[in-house]
Protein chains: 2
Amino acid sequence: MADRNAARTRERILEIAGELFRARGYAGTSIADIAGRLGTSKSALYYHFASKEEILDALLAGVLAAHARVAELAGSAEHGPAEVLGAVVDMVAGSGAVLATFGADPSVAAALAGRDHVHGLRAKDEQVVARLAGGDPGALAAVAALAVAKDGGRALMAERGALSAADRADLLAAALRALDG
Amino acid sequence: MADRNAARTRERILEIAGELFRARGYAGTSIADIAGRLGTSKSALYYHFASKEEILDALLAGVLAAHARVAELAGSAEHGPAEVLGAVVDMVAGSGAVLATFGADPSVAAALAGRDHVHGLRAKDEQVVARLAGGDPGALAAVAALAVAKDGGRALMAERGALSAADRADLLAAALRALDG
DNA sequence: GTCTATACAAAGATAGAC
DNA sequence: GTCTATCTTTGTATAGAC
């Protein structure tokens, strides 16, 4: 039962940290800020997480896994542009708030520099672009299509809170149009 | 002549600060970091700028003005989607590195919260979207088109350093395709 | 599991000499 | 214009009681 409470508290911390990181940035958010919203002391927080960076890692784990799955899909030759971009849209819709944090905050990238994650992420984006470009060196249209799916998706999420099935379909269509009309 | 040197130093500070803000985020960059790269003490910095935030303001002034010009263009009814999106592309190409900072860093938005700028910025984006949507309430395609021009443009800038005339034309074409095929 | 108290470093900023 | 020295606040993190 004690375990239950600890797990609940852990979840609340991640939830609060996610909100604050998104609003003020990772570097711009202090442990005191998080503890304040949680309604406990800073020390209580350190019982659940060994450091601020550990909170970030826990928050990012899901997004990184989702990116990895999309990149894997893009890597295999069996999937067309529509499938790949559809997977990107679903990923954005699924990991919404956290992705907004990760993708938008330079201090997150700086905190993770050298620790595999970042290069992994950028490499994964490039893998998707390469697949969409189909070997074409002038990959501008592919970059544009990914921008629609990922950044356009983020903008829509921020605006509407979530993406309906119709939104996803429309977004995919717009991305495909950006790719090659 | 003393004025000349001061002006030069001011420029160097802005240059260095811009790079660091982009790499580590605004909140993640300290005055000491900037002074270190400048090769002087922290105090020297405070001779040129009264505060960290003042550096940010100076850095953002150009981008905000550029956004205002685009929004103004979008506001007048005489310009079509191609003109508006072209202006967005030019704005991105022109204010490159700084826009990447501004658009991507939550700690920048937090630092400016309440101080007109931010609402101004978001409002200006919405004005562009509204114009592109042409009154259509389902503005997804407009959001998508803006994402191509702005975020796609950012991604390209990050990748290529600058946008050639051909890049701009291609990007605009992709944005128009995202808008309505 | 959460608290108070505290260590310790880093941050933003200022004073006053040169 | 730039320095050294210093103040103050804030930040991350730990120790030890309950």
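The sequence lines fix the lettering, A, B, ..., with proteins before strands; numbering per chain opens at 1.
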*Asks:* Using the side-chain heavy atoms of A:Y46, tell me which of these nucleotides is nearest: D:dT2, C:dA13, D:dT14.
*Replies:* D:dT14

*Asks:* Choosing from C:dG1, D:dT2, C:dA13, which nucleotide comes nearest the side chain of A:A6?
*Replies:* C:dG1

*Asks:* Minimum heavy-atom separation for B:A178 to A:R177, with atom names?
*Replies:* O-NH2, 2.8 Å

*Asks:* Are side-chain heavy atoms of B:S30 and B:D33 found at a separation under 4.5 Å?
*Replies:* yes

*Asks:* Can you list, in residue-number order, the parts of residues 14-29 of chain A that come under 4.0 Å of DNA chain C, counting heavy atoms only?
*Replies:* none

*Asks:* Strictly below 4.0 Å: does B:S30 bring a side-chain N or O up to OP1 or OP2 of C:dA11?
*Replies:* yes

*Asks:* How many whole angstroms separate atom CG of B:D33 from atom P of C:dG12?
*Replies:* 8 Å

*Asks:* Do A:K42 and A:L45 have side-chain heavy atoms sitting under 4.5 Å apart?
*Replies:* no

*Asks:* OP1, OP2 of C:dT2 versus side-chain N and O of A:Y47: anything below 4.0 Å?
*Replies:* no

*Asks:* In whole Å, I'd like the distance from the NZ atom of B:K52 to the C1' atom of C:dT14.
*Replies:* 18 Å

*Asks:* Measure the distance from CG on B:N5 to C1' on D:dT2 and round it to the nearest whole Å.
*Replies:* 12 Å

*Asks:* If you take all heavy atoms of A:A74 and A:Q127, which pair is closest and at what distance?
*Replies:* CB-O, 4.3 Å

*Asks:* Report yes if some heavy atom in the side chain of B:L85 is under 4.5 Å from a heavy atom in the side chain of B:L171; otherwise report no.
*Replies:* no

*Asks:* Taking only the side-chain heavy atoms of A:I31 (C-beta and beyond), determine which of C:dA13, D:dT12, C:dA11 contains the nearest atom.
*Replies:* D:dT12

*Asks:* Using a 3.5 Å distance criterion without hydrogens, assess whether the side chain of B:E54 forms a donor-acceptor pair with backbone atoms of B:S51.
*Replies:* no

*Asks:* When you measure from the centre of the six-membered ring of B:Y26, is the NZ or CZ of B:K52 under 6.0 Å away and within 45° of the axis?
*Replies:* yes

*Asks:* Within the structure provided, determine whether B:R12 and B:L38 are in side-chain contact (heavy-atom separation under 4.5 Å).
*Replies:* yes

*Asks:* Could you tell me if the side chain of A:V129 sits less than 4.5 Å from the side chain of A:K124, heavy atoms only?
*Replies:* no

*Asks:* Please report the distance, rounded to the nearest Å, between CZ in A:F49 and C1' in D:dT14.
*Replies:* 18 Å

*Asks:* Within this structure, what is the CD1-to-P distance between A:I13 and C:dG1, rounded to whole angstrom?
*Replies:* 11 Å

*Asks:* Quick check on contacts: within residues 37-45 of chain A, what sits under 4.0 Å from DNA chain C by heavy-atom distance?
*Replies:* A:T40, A:S41, A:S43, A:A44

